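Not measured: the values here are computed from a predicted model. Below, chain A is the first sequence line, B the second, and so on; all start at residue 1.
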Protein chains: 2
Amino acid sequence: MNAIKILSDYKMSRTNGRVKILEELLMTDVALSERELQTRLEGICDRATIYRTLKSLTSKGVIHKIATESTVAKFVIKKTPDDHIHFKCTDCGRIQCLTGIVPNNVKLPEGYIKKETNFLIIGICKECSENVQ
Amino acid sequence: MNAIKILSDYKMSRTNGRVKILEELLMTDVALSERELQTRLEGICDRATIYRTLKSLTSKGVIHKIATESTVAKFVIKKTPDDHIHFKCTDCGRIQCLTGIVPNNVKLPEGYIKKETNFLIIGICKECSENVQ
DNA sequence: ATATTTTTGCAACACTGTCGCAAATATCAT
DNA sequence: ATGATATTTGCGACAGTGTTGCAAAAATAT
Ligand SMILES: [Zn+2]
Ligand SMILES: [Zn+2]
Ligand SMILES: [Zn+2]
Ligand SMILES: [Zn+2]
């Protein structure tokens, strides 16, 4: 995937900031916060611009915001439109999409209508559990 | 369940604020934020006290914090220690525990260790879907 | 190249959550 | 009940996140 192509596909003006933000997001499979993006971009654009870009990319469905118990929002490229599970490591703090496994269908009680899911498993990631040994 | 008994069980000093906060939480099955508690308690105690109480009740396992994509933390009485699913209604905004259904076991990839889960389903709740008709 | 539209940076803002500290309150031991 | 001790509270200050209005800047369309 290519940052410039995505912007043109979604009819978003191709500005320097947006290209760089998207390139950072495309480069990693770990969810990033605005703050983390800002340090990676070394102040190439303003906080407000990053927030605005994250918001529009989310509404277009290019990235998605991961629900966690923390107050800082984290965003990651959406590789598949399907429901999937997120994993948060308590050791390294990284949050990523687990695309391999599929969340089993849960049957909601009568009257409830599902729109989307936000499944998060908290634990120790592969890398951190290997480093312990 | 009784607020005063809970405090004594967990060896927490029985202060007016704590009793009132717990009573509010026991009274509803909808997750509440600090802000919502404050308005319900009509300023019976300080913001900081509410935050501190929510924190200690969470660490004792009396209540739990629900992970959502929003930045405000919501807390609800923990009725069961088991994994369960939360439901957030996009219409009325309410968040509640779905204790009836059990999240099916997902098999994590090699090397990943699960500690806890945070499953959230977003959609329309029973009450709101009935009101539409 | 110019006109039009969109986006940016800045500053200000509201809000959430945390912390130190002195005063207030609760608990404990007589 | 009284006083000693331990815990909690309210207050104010603070850091951090995310949003917005607005003029300047940049991108797109003509
Ligand atoms: Zn890890
Ligand atoms: Zn994901
Ligand atoms: Zn509803
Ligand atoms: Zn719950």
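- Across residues 1-26 of chain B, Ser13(B), Arg14(B), Thr15(B) each have a non-hydrogen atom less than 4.0 Å from an atom of DNA chain C (numbered order).
- In this structure, Leu120(A) CG and Glu116(B) CD are separated by 8.5 Å, a value rounded to the nearest 0.5 Å.
- Heavy-atom minimum distance, Gly61(A) versus Lys78(A): O-CD, 3.3 Å.
- Protein chain A contacts DNA chain C from dT6(C) to dG17(C), reading 5' to 3' and using non-hydrogen atoms of the protein with a distance under 4.0 Å.
- The minimum heavy-atom distance between Ile21(A) and Cys45(A), with the atom names listed, is CD1-SG, 4.1 Å.
- Using a 4.5 Å cut-off on side-chain heavy atoms (C-beta onward), Ile77(B) and His64(B) make no contact.
- Side-chain contact between Phe75(B) and Leu32(B) is absent, with no heavy-atom pair separated by less than 4.5 Å.
- The two atoms that bring Met12(B) and Ser56(B) nearest to each other are CE-OG, 3.7 Å, heavy atoms only.
- Closest approach of Arg18(B) to Thr53(B), counting heavy atoms only: CG-OG1, 3.7 Å.
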Going 5' to 3' through nucleotides 16-24 of chain D, assign each nucleotide B (protein heavy atom under 4.0 Å from a base atom), S (under 4.0 Å only from sugar-phosphate atoms) or - (no protein heavy atom that close). -SBBBB---

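- Ile44(B) comes within contact range of the sugar-phosphate backbone alone, with a heavy-atom separation under 4.0 Å but no base atom that close.
- Residues Asn118(B) and Lys65(B) approach most closely at OD1-O, 4.3 Å, considering heavy atoms.
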I'd like to know whether Asp83(B) forms a salt bridge (Lys or Arg N to Asp or Glu O under 4.0 Å) with Lys114(B), so could you lay out the CA-CA distance, the side-chain angles of the two residues, the decisive distance to 0.1 Å, and finally the verdict. CA-CA 12 Å; Asp83(B) 282 354; Lys114(B) 171 187 134 177; 2.9 Å; yes

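- When all heavy atoms of Val76(A) and Cys97(A) are compared, the closest pair comes out as CG1-SG, 3.5 Å.
- Between the CD atom of Gln38(B) and the P atom of dG10(D) there is a distance of 10 Å, given to the nearest Å.
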